[in-house]
Amino acid sequence: MSFRHCLLASAVVVSSLGFTANTQAALPFFSDKKDEVPSLAPMLEEATPAVVSIAVEGTQTSTQRVPEMFRYFFGAPQEQVQERPFRGLGSGVIIDADKGYVVTNNHVVDNADEITVKLTDGREFKAKKLGSDEQSDIALLKIDPDDLKALPLADSDVLRVGDFVVAIGNPFGLSQTVTSGIVSALGRSGLNIGGYEDFIQTDAAINRGNSGGALVNLRGELVGINTAIFGPNGGNVGIGFAIPANMMKSLVDQIAEFGEVRRGLLGILGSDIDAGLAEAMNAEVNIGAFVSEVQPDSAAEKGGIQAGDIITAINGRKLNSFQELRAKIASMGAGAEVELTVMRKGKKMKVDVVLDDAADTTVTAAQIHPALEGATLANGTDDAGNAGVVVSDIERGAPAARIGLQSEDVIIGVNRVRTSTVAEFRNALDEAKGVIALNVKRGNSTLYLVIRQ
């Protein structure tokens, strides 16, 4: 089995569900006429105009290493850059009709030179990308407002397993396709689909081309952005994943204001709590985020978080895992005020924290990985202006020096995963297993340094 992004852009297929009379009375889109069959059609007539088709064109660049003998005999460069044009189709959702804001997945529009948004009424607009976030797979586009229809946002934090949902998108290039199902799980993480994962899982059919489309509740409110599928051949097998609407809104608000996501930073290391750890810590909870270390002078330390604490809720919403906490914190902007519910020595307490800016962190590398001890890391750029993690200082003879790091090196990746900030670098190392290859820019050269665990 594999996880796949559902990239590809709408035949209307509407599934009928059986509802009781009480359910019909609670949902205003059902007809009151006794001779009419209960249907989702009235709700969909309101919701579908806000879901758009997205077509992209661009050029992909790949780098291929030139064999040593060719470099020796013919003086060829170490790497050969190849470019090839591409086209793609996906989906998007209008979230602000007045401003012309359209949200989609980053992987739908990544590297696109031209983005075209097509509405259900046939109108087409050239879109401008205001910004995107690769780690959370969100992008914000803008089109010229002209009698647009936007989807209202639901509070995705109140979703429950078993709630009915409808997926709207453009699978396999078909226009405006609708499928229905339920929320089958919440807070899904650890899937290695993106850097920050806090997914809604649904059995509403999601296929290639649904990426960036809408997951709505039975009131026609947006609860999530369809992002990925789980299947052997890229097809639907009843397991799809969507980015929660609350997480999406926090990210696009930052993109709209700053042109980028300014992540919040709590400043802790930890893991999931399990029954054994809960017993060892004398805690009466079996789910949550266990704090193993609080970084000096961090937002967590200033707020009063201590090593050994178990964080069970954020802003009153229950937490299921450390990954969920990490994703929620990362989607909040720097300076955000957060209330954490903490279990400490068997007692529950509330802790108020003001998040740091993850972009302004300078850390001692030993806090990230023992093999990096002796190096000081900071966010910065290489000589070409590309964002990365700069080695601002290094101690002679330290473990970091022994693996080959030098002062002014810029770390730009871990095991071929691009890392632009200290926070992304830390997360990539946390997820890496076995041998770790650091992709480093040193002047005009690119090299790999290996850490063997």
Side-chain angles (χ1 to χ4, degrees), residues 58-63 65 77-79 81 83 106-107 109-113 129-140 194-196 251 254-265 267 295 298 330 333-335 355-369 371-372 374-395 400-401 403-432 436-449 451:
T59 303
Q60 285 182 327
T61 302
S62 60
T63 303
R65 193 168 182 82
Q78 289 186 349
E79 295 179 336
V81 178
E83 293 185 348
N106 173 71
H107 73 263
V109 296
D110 193 27
N111 296 319
D113 298 322
K129 185 166 79 170
L130 297 183
S132 62
D133 182 52
E134 181 180 1
Q135 292 294 306
S136 55
D137 203 11
I138 282 292
L140 182 63
Y196 298 100
L251 294 166
Q254 295 172 58
I255 293 172
E257 184 174 356
F258 306 113
E260 62 180 3
V261 173
R262 296 189 174 180
R263 300 195 186 285
L265 183 68
Q295 295 173 355
S298 65
L355 300 181
D356 291 332
D357 189 341
D360 293 335
T361 49
T362 299
V363 300
T364 302
Q367 299 172 352
I368 296 177
H369 195 284
L372 302 177
T376 301
L377 307 177
N379 293 323
T381 59
D382 59 20
D383 292 342
N386 299 311
V389 178
V390 177
V391 181
S392 57
D393 188 31
I394 195 163
E395 298 175 11
I403 68 171
L405 275 178
Q406 298 179 12
S407 181
E408 306 306 322
D409 281 352
V410 182
I411 303 170
I412 59 173
V414 175
N415 291 353
R416 297 188 176 275
V417 175
R418 184 77 171 85
T419 56
S420 303
T421 66
V422 171
E424 292 178 5
F425 180 51
R426 181 197 302 277
N427 294 333
L429 287 177
D430 287 344
E431 295 174 0
I436 298 173
L438 304 182
N439 191 1
V440 175
K441 287 292 294 293
R442 183 175 294 165
N444 294 323
S445 301
T446 301
L447 61 147
Y448 284 91
L449 303 178
I451 299 174

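- Interatomic distance, Leu355 CG to Ser298 OG, rounded to the nearest 0.5 Å: 10.5 Å.
- Here the side chains of Arg263 and Thr421 are not in contact, with every heavy-atom distance at 4.5 Å or above.
- Taking CG of Leu140 as the start and CG of Asn106 as the end, the distance is 12.0 Å to the nearest 0.5 Å.
- The CD1 atom of Ile411 sits 7.0 Å away from the OG1 atom of Thr419 when rounded to the nearest 0.5 Å.
- Taking both residues in full, the closest heavy atoms of Asp113 and Gly58 are given as OD2-CA, 3.3 Å, listed atom of the first, atom of the second, then distance.
- With sequence neighbours excluded, no residue satisfies salt bridge (Lys or Arg N to Asp or Glu O under 4.0 Å) with Lys129.
- Scored by the salt bridge (Lys or Arg N to Asp or Glu O under 4.0 Å) test, Asp110 finds no partners at all (sequence neighbours excluded).
- Judged by distance alone, the side chain of Asp137 and the main-chain N or O of His107 form a donor-acceptor pair under 3.5 Å.
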_Stepwise side chain to side chain contact (heavy atoms under 4.5 Å, CB included) check, Leu438 with Val389_ = CA-CA 11 Å; Leu438 304 182; Val389 178; over 6 Å; no

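- Ala334 meets the side chain to side chain contact (heavy atoms under 4.5 Å, CB included) test with Asp357; sequence neighbours excluded.
- Between Thr446 and Asn439, some side-chain heavy-atom pair lies under the 4.5 Å cut-off.
- Contact of the Val261 side chain with the Ile255 side chain is registered, since non-hydrogen atoms from C-beta on lie closer than 4.5 Å.
- Rounding to the nearest 0.5 angstrom, the gap separating the CG atom in Leu449 from the CD1 atom in Ile403 is 6.0 Å.
- Defined by atom type and a distance below 3.5 Å, a donor-acceptor pair is missing between the side-chain atoms of Asp393 and Thr376.
- Side-chain contact between Ile436 and Val414 is present, with heavy atoms from C-beta onward closer than 4.5 Å.
- One N or O on the side chain of Asn415 and one on the backbone of Ala437 form a donor-acceptor pair closer than 3.5 Å.
- Note that CD1 of Ile138 and CD of Gln254 are 11.5 Å apart. Values are rounded to the nearest 0.5 Å.
- Between Leu377 and the choices Val390, Leu405, Val391, Asp409, the side-chain contact (heavy atoms from CB on, under 4.5 Å) rule is met once, by Val391.
- For the pair Val440/Gln406, no side-chain contact is recorded, criterion being any heavy-atom separation below 4.5 Å from C-beta on.
- Between Leu251 and Ser136, the closest heavy-atom pair is CD1-OG, 3.2 Å.
- Annotation: side chain of Arg418 is in contact with side chain of Asn386 (closest heavy-atom distance under 4.5 Å).
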